[in-house]
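What follows is one structure encoded as structure tokens, with my remarks underneath.
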Amino acid sequence: MRFSITTLGCKVNAYESQYYAQELEKLGYEEVSDHEQADICIINTCTVTNTAAHKSRQKIHQAKRLNPNAYCVVVGCYAQFAKEEERDHLGADLIIGANHKNQLVPLIQEMVNQHTHKDTVSDIVQFNDFEAMPIHYFESKHRAFLKVEDGCNQFCSYCAIPFARGRERSLQYDQVIRIAKSLVEQGHSEIVLTGIHTGRYHDGDKTLADLLAGLLENTPEHVYYRISSIEITEVDDALIHLMKTNPRICHHLHIPIQSACDKTLERMNRPYTVAQYKERLEYVRSQIPDISVSTDVICGFVQESEEEFQTTIENLKDLQFSFLHVFPYSKRDGTKASFMKGEVNGKIAKQRVSALLSMSKELRKKDMERFQPVQVLIETHNGNTYTGYTNHYHPITIESETPLSGRITVPWDTITENGYYARKV
């Protein structure tokens with residue numbers, strides 16, 4: 001049978017979709033694009049904003065129109081967050097929320113063999129165990145992702161994730177080590193630890209730093225590690241020391257700030273002030289001088305005045321990130337922020353996004369100029385053109401007449417809008 005997967009939302013969703021595809025292919029199912037005819041259409045949904053929820057519904061209806069005789073499977077955050085009446089109107093054959101994701105394939109087989117219709121969504125408070133979804137092979141053969149954590153306890157006022165994915169829970173330490181070893185056996189030389197709240201990893205008394213130490217000890221010297229994203233409150237001394245003393249942990253951290261104005265942060269229910277964030281960031285940089293730190297920023301949050309936005313701009317300049325991921329605020333019904341008055345005009349929010357994206361280009365160029373030569377993991381090539389990312393997570397294009405592979409050190413010639421450019425003679 002042929003199946004398609006449509007994935008919306010975050011990198012964790014992308015990871016989970018790859019797991020579903022891997023497990024289906026093991027049983028002989030054939031994956032096709034979501035524009036082709038399929039027997040089973042899987043839509044991995046997102047609900048982080050009203051727009052994301054709307055797109056999820058659109059993709060579900062689109063899949064049903066394109067494949068009227070196919071089984072329709074809806075999984076993920078929108079399925080969990082939607083009310084029962086909403087789910088009933090989707091007309092799906094199988095609905096899976098935040099729980100039973102690792103049972104998606106057996107549930108699909110049951111659906112096909114018995115022609116059943118099932119809604120497995122249950123109350124989010126019941127989820128206590130981490131559902132292991134190991135992927136043992138990535139097509140790139142270089143960088144691999146390993147999901148070690150799920151859920152969130154933070155309850156930012158704008159975010160539906162705690163309601164859609166449940167509370168924090170982590171993959172057992174021994175299982176992480178086993179999966180990492182399997183990825184190395186398949187030829188992967190860089191592993192990215194990922195999750196909704198990766199920095200809150202815990203298994204008994206083992207923290208994220210303990211996990212990284214165990215991974216370094218149990219895998220070969222050529223295997224490097226990254227952390228997908230981490231909160232400033234979770235960058236503890238043990239993690240800083242490990243990064244400082246072991247070059248196999250790439251010297252890049254993505255630490256969301258969301259706003260650089262205390263008044264805005266307070267409305268967002270973020271657990272720090274700008275001063276606290278800056279103090280910790282300065283300590284990280286004092287211990288690891290060559291580290292690059294990128295961040296997330298939301299523009300146009302409820303009641304964000306021009307004065308607050310200018311404060312954010314000035315503080316972001318002061319904090320000197322390596323680059324910014326910038327998003328306009330988008331309302332999500334049911335969150336605390338959705339009940340606040342004082343929405344910012346959409347045009348103003350877009351103007352603020354544009355201003356910060358321009359700043360990000362300048363910041364990235366300035367950060368890139370710090371490093372010469374650069375260490376690169378070669379990921380793709382087309383003829384004599386090779387691409388990859390440096391240890392500090394800057395993109396690079398290399399022209400080389402001789403084949404390149406693995407992790408190499410190379411001097412760059414110029415910096416363009418697309419990253420470093422190098423010619424290797």
Side-chain angles (χ1 to χ4, degrees), residues 1-48 51-122 131-141 144-145 147 150 164-165 179 182 186:
M1 297 184 77
R2 290 152 59 97
F3 71 93
S4 66
I5 302 181
T6 301
T7 305
L8 298 101
C10 65
K11 290 182 179 179
V12 178
N13 263 15
Y15 176 96
E16 292 169 351
S17 287
Q18 188 152 351
Y19 170 79
Y20 304 146
Q22 170 190 271
E23 295 302 297
L24 284 165
E25 287 174 343
K26 283 180 183 177
L27 297 175
Y29 290 79
E30 177 190 356
E31 184 173 11
V32 297
S33 78
D34 56 9
H35 299 297
E36 298 180 78
Q37 291 294 314
D39 304 298
I40 302 167
C41 298
I42 302 168
I43 301 91
N44 192 355
T45 61
C46 177
T47 197
V48 69
T51 301
H54 177 68
K55 285 183 179 178
S56 294
R57 291 191 295 269
Q58 277 187 322
K59 290 295 184 182
I60 294 165
H61 298 316
Q62 180 181 312
K64 288 172 68 66
R65 283 196 304 271
L66 181 63
N67 298 276
N69 298 317
Y71 293 100
C72 179
V73 179
V74 177
V75 62
C77 292
Y78 172 71
Q80 181 65 49
F81 198 64
K83 295 179 181 178
E84 185 176 355
E85 183 180 354
E86 277 185 85
R87 300 198 303 273
D88 289 343
H89 287 155
L90 296 176
D93 298 288
L94 175 62
I95 302 177
I96 300 173
N99 210 12
H100 307 302
K101 290 181 180 180
N102 64 349
Q103 295 299 307
L104 180 138
V105 173
L107 287 168
I108 284 178
Q109 287 184 289
E110 178 185 317
M111 172 187 70
V112 171
N113 294 333
Q114 302 179 18
H115 304 288
T116 57
H117 297 264
K118 182 175 286 188
D119 183 340
T120 71
V121 176
S122 55
E131 294 183 344
M133 301 170 71
I135 299 174
H136 299 282
Y137 178 77
F138 289 78
E139 287 186 9
S140 72
K141 299 181 183 179
F145 292 82
K147 180 185 168 189
D150 204 345
R165 283 187 172 267
I179 296 168
S182 174
Q186 293 297 324

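Along the sequence shown, residues are numbered consecutively beginning with 1. Predicted model, so just to flag it, every value in this text is computed and none were measured.
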Check the pair Cys77 / Arg165 against side chain to side chain contact (heavy atoms under 4.5 Å, CB included), numbers first and verdict last. CA-CA 6 Å; Cys77 292; Arg165 283 187 172 267; 3.5 Å; yes
Would Tyr71 and His117 count as a side-chain hydrogen bond (donor to acceptor under 3.5 Å, both in side chains) here? Give the steps. CA-CA 10 Å; Tyr71 293 100; His117 297 264; over 6 Å; no
Leu107 and Thr120: side chain to side chain contact (heavy atoms under 4.5 Å, CB included), yes or no, with the steps? CA-CA 10 Å; Leu107 287 168; Thr120 71; 4.2 Å; yes
Using modelled atom types only, decide if a donor and an acceptor are shared between the side chain of [X] and the backbone of [Y] within a distance under 3.5 Å.
{"X": "Asn44", "Y": "Asn13", "result": "yes"}
{"X": "Asp39", "Y": "Arg2", "result": "yes"}
{"X": "Tyr15", "Y": "Met133", "result": "yes"}
{"X": "Glu16", "Y": "Lys11", "result": "no"}
{"X": "Lys64", "Y": "Gly91", "result": "yes"}
{"X": "Thr45", "Y": "Tyr78", "result": "yes"}

At their closest point, which heavy atom of [X] faces which heavy atom of [Y], and how far apart are they?
{"X": "Ala92", "Y": "Ile95", "value": "CB-CG1, 3.8 Å"}
{"X": "Cys41", "Y": "Asn67", "value": "SG-ND2, 3.5 Å"}
{"X": "Ser17", "Y": "Thr7", "value": "OG-OG1, 2.7 Å"}
{"X": "Ala79", "Y": "Val74", "value": "CB-CG1, 4.1 Å"}
{"X": "Ala164", "Y": "Thr47", "value": "CB-CG2, 3.8 Å"}
{"X": "Cys72", "Y": "Ile60", "value": "SG-CG2, 4.1 Å"}

Taking Asp119 first and then Arg87, would you say they form a salt bridge - that is, a charged N and a carboxylate O separated by under 4.0 Å?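 Between Arg87 and Asp119 there is a salt bridge, with a charged N closer than 4.0 Å to a carboxylate O.
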For [X], is the [atom1] atom crowded, meaning more than 12 foreign heavy atoms sit under 6.0 Å from it?
{"X": "Lys83", "atom1": "NZ", "answer": "no"}
{"X": "Gln114", "atom1": "CD", "answer": "yes"}
{"X": "Lys101", "atom1": "NZ", "answer": "yes"}

With rounding to the nearest 0.5 Å, note down the distance linking [atom1] in [X] to [atom2] in [Y].
{"X": "Lys55", "Y": "Gln62", "atom1": "NZ", "atom2": "CD", "value": "12.5 Å"}
{"X": "Leu104", "Y": "Met111", "atom1": "CG", "atom2": "CE", "value": "8.5 Å"}
{"X": "Ile108", "Y": "Met1", "atom1": "CD1", "atom2": "CE", "value": "9.5 Å"}
{"X": "Asp34", "Y": "Phe3", "atom1": "CG", "atom2": "CZ", "value": "12.0 Å"}
{"X": "Gln103", "Y": "Ile96", "atom1": "CD", "atom2": "CD1", "value": "9.0 Å"}
{"X": "Gln80", "Y": "Asn99", "atom1": "CD", "atom2": "CG", "value": "8.0 Å"}

Side chains of [X] and [Y] in contact at under 4.5 Å (non-hydrogen atoms):
{"X": "Glu86", "Y": "Phe81", "answer": "no"}
{"X": "Thr6", "Y": "Ile42", "answer": "no"}
{"X": "Val75", "Y": "Tyr20", "answer": "yes"}

Testing Glu36, His35, Glu31 for side-chain hydrogen bond (donor to acceptor under 3.5 Å, both in side chains) with Ser33, which one passes?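 The passing option is Glu36.
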Is there a side chain to side chain contact (heavy atoms under 4.5 Å, CB included) between Val73 and Ile40? Walk through the geometry before answering. CA-CA 7 Å; Val73 179; Ile40 302 167; 4.0 Å; yes
Pick from Leu66, Val32, Ile43: which one makes a side-chain contact (heavy atoms from CB on, under 4.5 Å) with Ser4?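 Of the listed residues Leu66, Val32, Ile43, the side-chain contact (heavy atoms from CB on, under 4.5 Å) partner of Ser4 is Val32.
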Under the side chain to side chain contact (heavy atoms under 4.5 Å, CB included) rule, what do Val105 and Leu27 come out as? Steps first, then yes or no, please. CA-CA 9 Å; Val105 173; Leu27 297 175; 3.4 Å; yes
